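Data block below; observations after.
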Amino acid sequence: MEMKTNFNIGERIHELRVNSGLSQEKLALRANITTTYLGLLERNLKNPTVKVIEQICNQLNISLSNFFSSSPVPEKSEDAISMQIITQISDKSEEEKLLILQIIKDISRLCDLSKRQALETMQKDTAEKDNIF
């Protein structure tokens, strides 16, 4: 029985990220790592810790064992809300769909920015409390 000895972590991260429809920036933000670091991981220029792989897996909704599995991770089926959104825009023109898509992207960026600012505020508050004690 031939055993595969090399596992390409960067390639696997890239594959799973693309299959999930996430940009490097979005996955990095969600996994609490920098976009630059994620890019280095995907190009196998850096080796992640198990903790970082776990953070990435959590954001991709897969287990560590699925990450290291050689079989493909099954694609997520569309949830009910996504299907409602698709139904709502199905009769719109291409121009209207592009406008709606841009609005959704803008809202998503604002939500991500809000999360980032909240995290930074929490970290700052924690650091200030640590300095008090």
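For the numbers below, each heavy atom of this structure counts, side chains included, while hydrogens, waters and symmetry mates do not. Everything quoted here is computed from the prediction, not taken from an experiment.
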field: Expected output: side-chain Ser108 to main-chain Ile104 donor-acceptor under 3.5 Å
entry: no
Residue pair Glu42 / Arg17, side-chain heavy-atom distance below 4.5 Å: yes
query: Please, which pairs that meet salt bridge (charged side-chain N to carboxylate O under 4.0 Å, His left out) have at least one residue in residues 83-96, sequence neighbours excluded?
result: Glu94-Lys97
query: Do side-chain atoms of Arg43 reach the backbone of Gly39 as a donor and acceptor pair under 3.5 angstrom?
result: yes
- request: Return yes if some donor-acceptor pair links the side-chain N/O of Ser69 with the main-chain N/O of Ser65 below 3.5 Å, else return no.
  value: no
- request: Examine Ile13 and Ile62 and state if one hydrophobic cluster contains both, with Ile, Leu, Val, Met, Phe, Trp and Tyr joined whenever side-chain heavy atoms are less than 4.5 Å apart.
  value: yes
task: Could you check Asn58 against Glu54 for side chain to side chain donor-acceptor pair (under 3.5 Å), going step by step and ending with a plain yes or no?
output: CA-CA 6 Å; Asn58 287 339; Glu54 181 181 39; 5.0 Å; no
query: Is Asp112 salt-bridged to Arg109, cutoff N-O under 4.0 Å?
result: no
statement: Residues Thr49 and Tyr37: closest non-hydrogen pair is N-OH, 4.4 Å
query: Do the non-hydrogen side-chain atoms of Leu99 and Ile103 ever get within less than 4.5 Å of each other?
result: yes
- line: So CG of Asn61 and OG of Ser20: to nearest 0.5 Å the spacing works out to 7.5 Å
Gap between atom CG of Leu119 and atom NZ of Lys124 - 0.5 Å precision: 13.5 Å
task: Identify whether Val50 and Leu16 are in the same connected component of the hydrophobic contact network (ILVMFWY, side-chain heavy atoms under 4.5 Å).
output: yes
message: Around atom CG of Asn47, are there more than 12 heavy atoms from other residues, nucleotides or ligands closer than 6.0 Å?
response: no
message: Using 0.5 Å steps for rounding, measure from the CG atom of Asn66 to the CZ atom of Arg12.
response: 7.5 Å
query: Can any side-chain N or O of Arg116 pair as donor or acceptor with the backbone N or O of Leu29 at less than 3.5 Å?
result: no
statement: Interatomic distance, CG@Asn44 vs CG@Asn8, rounded to 0.5 Å, equals 4.0 Å
Heavy-atom side-chain proximity of Leu27 to Ile56 below 4.5 angstrom: yes
query: Any sub-3.5 Å donor-acceptor pair from Gln59's side-chain atoms to Ala31's backbone N or O?
result: no
query: Atom CZ of Phe68 and atom SG of Cys57: how far apart are they, to the nearest 0.5 Å?
result: 7.0 Å
query: Rounded to the nearest 0.5 Å, how far apart are CG of Leu60 and CG of Leu22?
result: 6.5 Å
